[in-house]
Amino acid sequence: MNVVDILREAIASRRTRFAFELLPPLKGDGTGGVFAAIDPLTDFDPAYVNVTFHREGVKQTRLADGSVEEHVVRRRPGTVGISAAIRKRYGVEVVPHLICGGLSKYDIEDALIDMDFLGLHNVLALRGDKSKSERSFTPHPQGHAHAVDLVRQIAAMNRGEFVDGEVEVCHHSRFSIGVAGYPEAHFEARDITSDIAHLREKIDAGAEYVVTQMFFDNRRYFDFVRRCREAGITVPIIPGIKPLSTLRHLEILPRTFSVSLPEELVREAQAHPDAVREVGIAWAAAQARELKEAGVPAVHFYTMGRTDNIRKIAKAVF
Ligand code: FAD
């Protein structure tokens, strides 16, 4: 069953499902860390597991003769492989993320063909962020400038159309496509109205559901959903929740993800500097409880690889 069918079933049965997102292992690590992060969460019958995709970076090595060698490397490669390993081990649906950044349409097509062969029929289609060396996001010369173009490529492949114009009649992939949405607007967007208009383009191009950027005040999510519905977006909009876990998050999360933190949460964290993880768990559990009561089909937890806090939240809510 693909993710959109799981979501439709959740809506029909009025059951809010638990879902979470993981990072692939750092290069050189095996699968053990990822499996250890998933194991404590299997009790909560996850609807699906997302696996992030990480873009390449440039590493410089100084050689003995003084010259500099550049290596184009990915610190966390293997999104497709670990997704297939998770699916096989746990029998759960897995959603590999796929980005435009640093990839040509041909690279993307190859990755999609691998995913199809491995039984991965879900994908979260994203643009990705600029690389460290860029001032702003620059598409690959043979790649895509926006996530909507990636959605179009995947939807075309589902119809048997490949990037070189070849049309394949005997086998069609059947990817269920999700995309990202931003309750507080994407940081590059002119405003929330234009951001939602671009979100609508992704849906019109074939995306079947939306996963939101993290937010810490549920009113942001409810308001976003209302605006999306007014803009004609009818697909499920899955709230993304990230529990605060360190004092540094107070500064890092707003800067990195262009999100705001409610004053009350900031005050609580600052008042309990040795127990920020517990503060974050209580806050995220309250958010998830309210979202569940509001009847959302799933809550998507950002784990960043550590899941002890997510387990406590899931135990309290699901
Ligand atoms: P887009 O939809 O292309 O939007 C980017 C900006 O361009 C927005 O401001 C939008 O309003 C604007 N825009 C869109 N279409 C057009 C158009 N046609 N013309 C003009 N402007 C347009 N990043 C990773 O690198 N790896 C991941 O695994 C990853 N997972 C994520 C998961 C979720 C749930 C979310 C919310 C984000 C994730 N990201 C990930 C981050 C994401 O890649 C960045 O936020 C990126 O900057 C934007 O991606 P997008 O898919 O929203 O882009």
Side-chain angles (χ1 to χ4, degrees), residues 3 19-25 48-57 74-80 82-83 94-103 108 111 115 122-132 134-140 143-154 177-216 220-221 224 227-228 231 233 235-242 253-259 298-305:
V3 165
F20 60 92
E21 172 178 314
L22 290 161
L23 281 56
Y48 52 88
V49 177
N50 280 54
V51 181
T52 55
F53 194 102
H54 296 257
R55 80 168 290 183
E56 81 293 352
R74 226 175 270 281
R75 284 182 70 229
R76 291 183 185 273
T79 296
V80 173
I82 192 76
S83 297
V94 183
V95 187
H97 296 189
L98 198 51
I99 62 170
C100 307
L103 300 176
I108 289 167
M115 284 160 55
N122 296 285
V123 59
L124 195 73
L126 302 145
R127 188 198 67 181
D129 285 319
K130 71 178 190 66
S131 73
K132 286 208 174 95
E134 290 170 346
R135 289 176 65 124
S136 59
F137 180 84
T138 310
H140 186 285
H144 300 305
H146 289 291
V148 65
D149 305 312
L150 176 57
V151 174
R152 288 193 185 113
Q153 178 176 354
I154 303 167
I177 310 167
V179 289
Y182 301 83
E184 299 186 57
H186 183 261
F187 72 100
E188 292 168 32
R190 196 177 60 237
D191 52 35
I192 186 80
T193 307
S194 79
D195 208 26
I196 289 176
H198 290 309
L199 179 57
R200 167 87 199 251
E201 285 165 8
K202 295 192 274 192
I203 307 304
D204 291 347
E208 294 173 295
Y209 65 99
V210 178
V211 183
T212 77
Q213 180 59 281
M214 64 186 74
F215 56 87
F216 294 86
R220 301 269 185 187
Y221 169 79
F224 178 65
R227 282 168 177 269
C228 287
I233 295 171
V235 299
I237 301 176
I238 308 306
I241 298 289
K242 159 99 187 95
L253 297 180
R255 179 162 45 83
T256 311
F257 299 105
S258 298
V259 294
V299 181
H300 174 111
F301 287 93
Y302 292 98
T303 73
M304 311 279 180

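Please read these numbers as outputs of a predicted model, since none were measured by experiment. Counting starts at 1 for both ligands and their atoms, in listed order.
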Query - Partner residues of Arg74 under the side-chain hydrogen bond (donor to acceptor under 3.5 Å, both in side chains) criterion, sequence neighbours left out - result: none
Query - Residue pair Lys242 / Phe216: nearest heavy atoms and the distance that separates them - result: O-CE2, 3.0 Å
Query raised in the report: ligand 1: which residues have a non-hydrogen atom closer than 4.0 Å?
Result: Thr52, Phe53, His97, Ile99, Leu124, Leu126, Arg127, Gly128, Asp129, His146, Ala147, Ala180, Tyr182, His186, Glu188, Ala189, Asp195, His198, Glu201, Lys202, Val211, Gln213, Tyr302
**Report entry** More than 12 heavy atoms from other groups under 6.0 Å of CZ on Arg75
**Finding:** no
Query raised in the report: Who passes salt bridge (Lys or Arg N to Asp or Glu O under 4.0 Å) against Asp149, sequence neighbours left out?
Result: Arg152
Query raised in the report: Under 3.5 Å, is there a donor-acceptor pair between the side chain of Arg200 and the main chain of Ala231?
Result: yes
Query - Summary of ring-ring contact (aromatic ring centres under 6.0 Å, His included) pairs that have at least one residue in residues 179-210, sequence neighbours excluded - result: Tyr182-His186
